[in-house]
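From a predicted model like this one, the values you see are computed outputs, not experimental measurements. Positions are given from 1, in the same order as the sequence printed here.
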Amino acid sequence: MDYDSVLAAMLSQPWSNNACRGYVIYAMENCGFSPNDIRRVVTELYEVFDFCSLEEAQQHFEESPY
């Protein structure tokens with residue numbers, strides 16, 4: 001695997017669940033999701049953060065079609 005300086009810079013920052021929630025809210029607002037749908041997703045994130053590790057989430061993202 002080649003060294004990715006942007007990824008390295010991102011990984012050197014402390015993890016924040018609330019910052020992640022903020023990114024999701026921004027993205028959903030920018031895509032025109034309703035406030036109700038945004039609340040549903042943010043609520044689900046609380047559950048996902050409790051039951052999935054960072055490694056599991058990263059693997060899920062890397063293997064997803066998105």
Side-chain angles (χ1 to χ4, degrees):
M1 175 183 281
D2 295 330
Y3 179 78
D4 185 333
S5 61
V6 174
L7 180 60
M10 287 174 31
L11 292 174
S12 69
Q13 298 177 4
W15 173 257
S16 166
N17 288 355
N18 284 340
C20 181
R21 289 181 187 100
Y23 282 123
V24 170
I25 291 168
Y26 274 134
M28 293 185 76
E29 289 172 341
N30 291 346
C31 290
F33 283 83
S34 72
N36 187 51
D37 286 339
I38 295 171
R39 275 190 287 280
R40 288 178 53 220
V41 168
V42 171
T43 298
E44 183 61 23
L45 281 174
Y46 282 96
E47 294 289 321
V48 173
F49 286 150
D50 285 344
F51 295 106
C52 294
S53 69
L54 288 174
E55 294 80 11
E56 290 171 317
Q58 180 175 339
Q59 181 179 1
H60 188 68
F61 169 72
E62 290 171 356
E63 294 174 353
S64 76
Y66 311 110

Checking side chain to side chain donor-acceptor pair (under 3.5 Å) for the pair Q59/E55: CA distance, chi angles, key distance, verdict?
CA-CA 6 Å; Q59 181 179 1; E55 294 80 11; over 6 Å; no
Nearest 0.5 Å please: distance from the CG atom of N17 over to the CG atom of L54.
8.0 Å
Scan side-chain atoms only and decide if N18 and R21 contain a donor-acceptor pair under the 3.5 Å cut-off.
yes
With clusters defined by side-chain heavy atoms of hydrophobic residues (ILVMFWY) lying less than 4.5 Å apart, directly or transitively, does V48 cluster with F33?
no
Are Y23 and L45 connected in the hydrophobic side-chain network, where two residues link if heavy atoms are under 4.5 Å apart?
no
Closest approach of M28 and I38, non-hydrogen atoms and distance?
CB-CG1, 3.7 Å
Within one Ile-Leu-Val-Met-Phe-Trp-Tyr cluster: W15 and I25, side-chain cutoff 4.5 Å:
yes
Can a donor-acceptor pair be found, under 3.5 Å and without considering hydrogens, that links the side chain of E56 to the backbone of S53?
yes
Ignoring hydrogens and geometry beyond distance, is a side-chain donor-acceptor pair present between E62 and Q58 at under 3.5 Å?
yes
Atom OG of S34 and atom CD of E29: how far apart are they, to the nearest 0.5 Å?
11.0 Å
